[in-house]
Structures are given as C-alpha cells and as structure tokens.
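All values derive from a computational prediction rather than experimental measurement.
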Amino acid sequence: MTLPIARPDPERLVRIQKLLEKLVLDSISAARPWRASDSFYCLGLDAAYSRRYGGVGAAVLLDTRLKLLDKEISLGEPNIPYIPGLLAFREAPLFYAALYPLMARHSYKRHNMVIFVDGHGVSHPRRTGIASHIGLALGLPSIGVAKKRLYGREVVTEKTCNEPPCIIGYLEGDDGNKLAAIIRTYTGSRIYVSPGAYIRLEDAVELALTCLRHRPLPEPTYQADKLSKRIARSLDRGTIRPADLKHGLKGLLVGDSSTH
DNA sequence: GCGACAG
DNA sequence: ATCTTGTCGC
C-alpha cells in the first residue's frame, strides 16, 4: 500500500522552515569557535540533473590539504520542483543518500568535519537555506557556498580586489545582521559564503578562504560540482547506466570521454 | 500590480 | 539546474 507521506505543499514546507529557524540560529550562537590550527576534513555537496534519470547527488571528502579522499553519488527523482527558498526539500534527499555510505566509511572522522554545500545557509528568507538543513540533520558544522544572491541587502565595501581572494562585501538581513560574505575568488568569480549551522560567519569565511584554489569555487564544492555534472552527462550519453553505480565509483571515472 | 527569486 | 557554437584569452 501507499505510505501516507505528507503532501509537500509549499505552505507546509515554509512552516517547517519557520520552526527550524530557531534551531539554526541557536546552533550558530552556541557554535564553538573554529580553531585555525586544527586539521580537519571537509565534505562537499552538489547536485546535477540528468534528463534520463533525474537528480544526481554528489558527496566528496577532502582532507586539510584539500586532497580528494573519497566520493559517493546518488540518483533520484526530486519530489518537488525548484522553488526559491525551498531548495532543501528538493535536493537534500539526494545529499543524504550520497552521504550515508560515504560517512559510514569514515565515521571516526566526523569529530572534525565541516560540510560545504552548494547553495545558501542563513542568507535565506527564513535563515534556513539548504546548508542549514544539512548541518542540522547531520549535527555537523555546515557552510553554504552560493553563486547568486537569494536574500539580503547586498553591501559592497571593497570595490577593488588587488590580491584575491578578497571579502568585497556582505549580505545583511532586515535587522542589519551580516548573513553572508561576498568573496572574490582567484579566478575573479563572486561567491556568497554563509554559515549553515553550528558555525559562525567569521569561521565559515575563514574556512572557505582556506579551501580556495585557483578555481571559481572552494575545492569541496568545486569537486562535488564536477563529479555530479560528469555523472549526469555520462548517464545521458549512455556511457554509464544506473546499475553501474551500485557497486561504487571505482574505475568508472577514469578514461571517460564525456568530458570532451 | 510590479520586481526578485539559491539550484 | 539545463539547453548550446563559437570565441576570447592564458
């Protein structure tokens, strides 16, 4: 029989986020300061879409030196369309599905892990961007890395940036609080970095800067973006089939011509 | 009514 | 996010 899953109507999802808002803000207020000297592991999450098989979630694990340690992907048809502000309800299930097996392989590392998510954290109308949902659900500090603004007044404090990366401004909420930093990367791209949960803005920004290379996104998010897009394109080209992904990714991604 | 609007 | 050719630049 069909399970009585509650209808994902937007109004109900918005109410859920209004309840989560307090949890998110409390997790940030109570967050322990990040120690720059600590070694850490970072997870990167992103999603792409294949016409034939729907959503592709990608999770990657990097170490302090930004070396890729492990990766995992997931497939699934999203339950709801994209609605600004409700992205988490569309894409987070893909992330959880990829994270579960990945985390199982590295459970002892979770005590010093941070999650980078493609999308916003608290720079969201209800302070509950997808990075906040993920951080709350996993009980881990999370950081949102977005390419475009969603919410907040854009305040640019530095018109120029001679030696990137630079913090060129921020997004502020109605109450005047800083919600996200606007960063100019080494490649000249602009990204919006905001805390998801369990971490403060200044620490989120410091970590994001630490994870920057000569690329348009911080390494964790960049690697996840590349992986998800590559899988989605390979699926559509028929280079790989969903069944090929059920026994791990090893060997599937080398010599794949889909990048040409 | 008119914009704005992560991915 | 995705659909898409050529093109400017390192």
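Electrostatic pairing of Asp118(A) and Lys147(A) counts as a salt bridge here, judged by a charged N lying under 4.0 Å from a carboxylate O.
When hydrophobic clusters are built by joining Ile, Leu, Val, Met, Phe, Trp and Tyr residues whose side-chain heavy atoms come closer than 4.5 Å, directly or via intermediates, Tyr53(A) is grouped together with Ile73(A). Criterion: ILVMFWY side-chain heavy atoms under 4.5 Å apart, direct or through other members. Under it, Tyr192(A) and Ile168(A) are part of a common hydrophobic cluster. In this structure, Ile183(A) is not a member of the same hydrophobic cluster as Leu171(A), with clusters built from ILVMFWY side-chain heavy atoms closer than 4.5 Å. Linking ILVMFWY residues whenever their side-chain heavy atoms come closer than 4.5 Å, directly or via other members, leaves Leu201(A) and Ile28(A) in distinct clusters.
Here Gly144(A) lies out of heavy-atom contact (under 4.0 Å) with every strand. Across all strands, Leu45(A) comes closer than 4.0 Å to no nucleic acid atom at all (heavy-atom distances). Residue contacts for Tyr49(A): at a heavy-atom cut-off of 4.0 Å it reaches the sugar-phosphate backbone alone, with no base atom in range.
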> With Watson-Crick and G-U wobble geometry limited to distances under 3.5 Å, how should the secondary structure of DNA chain C be encoded in dot-bracket form, using | for bases paired to another strand and [ ] for crossing pairs?
Replying inline: ..........

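Remark: Leu94(A) pairs with Ala47(A), Ser74(A) by the side-chain contact (heavy atoms from CB on, under 4.5 Å) rule, at least two apart or across chains.
A disulfide is not assigned to Cys211(A) and Cys42(A), since their SG atoms are no nearer than 2.5 Å.
Close approach of DNA chain B to chain A, defined as any atom under 4.0 Å from a non-hydrogen atom of the protein, starts and stops at dA4(B) to dG7(B).
Rounding to whole angstrom units, CG of residue Asp46(A) and C1' of dT2(C) are separated by 13 Å. Distance CZ (Arg237(A)) to P (dT4(C)): 12 Å, rounded to an integer number of Å. Atom CZ of Phe95(A) and atom P of dA1(C) are 11 Å apart (whole Å). Following rounding to the nearest Å, Leu235(A) (CG) and dT2(C) (C1') show an atom-to-atom distance of 15 Å.
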Could you list, one pair per line, each protein nitrogen or oxygen that sits under 3.5 Å from a nitrogen or oxygen of nucleotides 8-10 of chain C, together with the distance?
none

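Put simply, OG on Ser189(A) and CZ on Arg184(A) are 8.0 Å apart, with the number rounded to the nearest 0.5 Å.
Here the side chain of Gln17(A) pairs a donor or acceptor atom with the backbone of Gly85(A) at under 3.5 angstrom. Checking side-chain atoms of Asp236(A) against main-chain N and O of Arg51(A) turns up a donor-acceptor pair under 3.5 Å. Proximity of a side-chain donor or acceptor of Thr64(A) to a complementary backbone N or O of Ser39(A) within less than 3.5 Å is not detected. A donor-acceptor pair is defined here as one N or O able to donate and one able to accept, closer than 3.5 Å; no such pair exists between the side chain of Asp203(A) and the backbone of Arg200(A). In terms of modelled atom types and a separation under 3.5 Å, the side chain of Ser228(A) and the main chain of Gly57(A) share no donor-acceptor contact. Listed for the His120(A) side chain is a donor-acceptor partner under 3.5 Å among the backbone atoms of Lys148(A).
Within 6.0 Å of the CZ atom in Arg105(A), the count of heavy atoms belonging to other residues, nucleotides or ligands exceeds 12.
With pairs defined as Watson-Crick or G-U wobble and both atom distances under 3.5 Å, not a single stem of at least three pairs touches DNA chain B.
Taking 4.5 Å as the limit, every side-chain heavy atom of Glu172(A) sits out of range of all side-chain heavy atoms of Leu179(A).
Within residues 148-163 of chain A, the residues that place at least one heavy atom under 4.0 Å from DNA chain B are, in residue-number order, Lys148(A), Arg149(A), Leu150(A).
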